[in-house]
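So the structure is just underneath, and the comments pick up after that.
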Number of protein chains: 2
Amino acid sequence: MGNESSYKDKKVITIGIVRELTGLSERQIRYYEERKLIFPERTAGGSRKYSFADVELLVEIANKIEDGVQTHEIRKEMLKAQKKQNQEEIRRKMIQGQLNAQFGIRKGPASH
Amino acid sequence: MGNESSYKDKKVITIGIVRELTGLSERQIRYYEERKLIFPERTAGGSRKYSFADVELLVEIANKIEDGVQTHEIRKEMLKAQKKQNQEEIRRKMIQGQLNAQFGIRKGPASH
DNA sequence: AAACCATGTAAGAATTCCTAACAAGATTGT
DNA sequence: ACAATCTTGTTAGGAATTCTTACATGGTTT
């Protein structure tokens with residue numbers, strides 16, 4: 001539940017392909033990671049792996065930087081957006097909790 | 001129209017990641033290509049690039065092979081399925097053509 | 001003016017990927 | 001039964017890709 005198994009978030013793209021997809025240099029891509037704007041996973045050997053979501057985020061970052069926004073600012077924006085998301089998440093879960101309390105605590109479909 | 005821009009079909013995954021995702025050996029993955037069951041793209045330097053759809057197809061292929069089906073047979077099945085798909089495609093387009101002929105040939109939304 | 005930002009570039013090592021070839025057990029075809 | 005084919009592993013050597021670290025530089029902030 002709440003799953004999507006989506007391809008979008010699976011980290012499977014190496015940095016060279018990301019370079020092709022975004023038009024950014026590998027230097028830029030690694031630098032944005034250094035500034036904590038993006039968080040690739042690693043293979044056993046240490047190579048970076050990105051998701052399609054990462055690719056899209058990188059393009060957004062690059063656009064902002066072109067507009068003169070510093071990585072520092074971009075990071076603040078992202079943290080703020082994240083926090084808002086988390087708040088919504090919490091609110092939804094609390095409401096769900098109330099509903100469960102009112103209408104039943106049964107978890108499984110079977111009640112022998 | 002008819003588009004999906006889907007991540008699923010974009011060829012962005014290198015063979016090592018495909019190995020991780022499928023559990024197959026690189027030898028197997030390349031062999032199935034040799035037998036014309038799968039068609040990766042290539043980077044400028046010659047490295048293979050697969051899509052998520054390819055990954056899923058590889059798993060299906062591997063399952064059939066485990067069941068004792070030969071690549072030869074698998075290929076025939078795939079061609080047959082392909083042909084059926086194409087037939088459906090053609091039929092749909094013919095029907096669409098009839099509708100257009102009956103109700104109007106206008107292509108663009110504007111008719112000045 | 002000093003510090004910081006964003007990016008390029010270079011060097012050298014490690015990882016990943018490539019093709020080609022040989023081997024071998026299992027299966028298929030004659 | 002015997003030969004041919006199938007599937008996979010393994011090896012070898014080379015090429016492509018990626019890694020980190022360091023230095024350089026023009027632009028921007030402090």
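Below, each value reflects all heavy atoms present in this structure, side chains not excepted, and no hydrogens, waters or symmetry copies. Chain A is the first sequence line, chain B the second, and so forth, proteins listed ahead of strands; every chain is numbered from 1.
Summarising the geometry, the separation between OH on B:Tyr32 and C1' on D:dT7 is reported as 7 Å, rounded to the nearest angstrom. When rounded to the nearest whole Å, the span between CD1 of B:Ile29 and C1' of D:dT7 equals 15 Å. Atoms CD1 (B:Ile61) and P (D:dC6) sit 16 Å apart, rounded to a whole Å. If you measure from atom CZ of B:Arg30 to atom C1' of D:dT11, you get 13 Å, rounded to the nearest angstrom. Whole-Å rounding puts the A:Glu20 CD to D:dA16 P distance at 15 Å. Rounded to a whole Å, the CD atom of B:Glu66 is 13 Å from the C1' atom of D:dT7. Atom C1' of nucleotide D:dT17 and atom CZ of A:Arg48 are separated by 13 Å, given to the nearest angstrom. In this structure, B:Ile17 atom CD1 and D:dT17 atom P are separated by 15 Å, rounded to whole Å.
Taking the charged nitrogens against the carboxylate oxygens, B:Arg91 and B:Glu88 have no contact shorter than 4.0 Å, which rules out a salt bridge. Between B:Lys80 and B:Glu77 there is no salt bridge, since no side-chain N of the basic residue sits under 4.0 Å from a carboxylate O of the acidic one. A salt bridge links B:Arg48 with B:Glu33: at least one charged nitrogen is closer than 4.0 Å to a carboxylate oxygen. A salt bridge between A:Arg30 and A:Glu26 is present, with a side-chain N of the basic residue lying under 4.0 Å from a carboxylate O of the acidic one.
Using a 4.0 Å cut-off, some side-chain N or O of B:Tyr31 falls inside it from OP1 or OP2 of D:dT7. Between D:dT7 and B:Arg27, no contact under 4.0 Å exists linking OP1 or OP2 to a side-chain N or O. The side chain of A:Arg42 contributes an N or O atom lying less than 4.0 Å from OP1 or OP2 of D:dT20. Contact check, B:Thr43 against D:dA16: no side-chain N or O comes under 4.0 Å of OP1 or OP2. Distances shown here put every side-chain N or O of B:Thr71 at or beyond 4.0 Å from the OP1 or OP2 atom of D:dC6.
Using modelled atom types, one finds a donor on one side chain and an acceptor on the other under 3.5 Å when comparing A:Arg35 with A:Tyr31.
Using a 4.5 Å cut-off on side-chain heavy atoms (C-beta onward), A:Asp54 and A:Lys11 make contact.
When each of A:His72 and A:Ala44 is assigned the nucleotide of DNA chain C with its nearest heavy atom, A:His72 is the one assigned upstream, toward the 5' end. The nearest heavy atom of DNA chain D to B:Gln70 and to A:Lys49 marks one nucleotide each, and the one closer to the 5' end goes with B:Gln70. Comparing B:Val69 and A:Ile15 along DNA chain D, the residue whose closest nucleotide (by nearest heavy atom) sits nearer the 5' end is B:Val69.
Within the nucleic acid shown, A:Arg35 comes within 4.0 Å of sugar-phosphate atoms alone, with no base atom in reach, counting heavy atoms only.
By the criterion of side-chain heavy atoms lying less than 4.5 angstrom apart, applied directly or through intervening Ile, Leu, Val, Met, Phe, Trp or Tyr residues, B:Val69 is grouped together with B:Ile29 in one hydrophobic cluster.
Between B:Leu24 and B:Tyr32, the closest heavy-atom pair is CD1-CE1, 4.2 Å.
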- [ ] Check the pair B:Lys64, B:Glu73 against salt bridge (charged side-chain N to carboxylate O under 4.0 Å, His left out), reporting the backbone distance first and the verdict last.
- [x] CA-CA 10 Å; B:Lys64 289 186 183 171; B:Glu73 285 303 316; over 6 Å; no
TODO: Go through B:Lys49 and A:Ile17 one step at a time and tell me if the side-chain contact (heavy atoms from CB on, under 4.5 Å) criterion holds.
DONE: CA-CA 9 Å; B:Lys49 295 187 296 184; A:Ile17 311 273; 3.3 Å; yes
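The nucleotide range of DNA chain C contacted by chain B, defined by atoms under 4.0 angstrom from heavy atoms of the protein and reported 5' to 3', is C:dC17 to C:dT28.
Computed from C1' positions of five pairs at each end, the angle between the two local axes of the helix from C:dA1-D:dT30 to C:dT30-D:dA1 equals 40°, rounded to 10 degrees.
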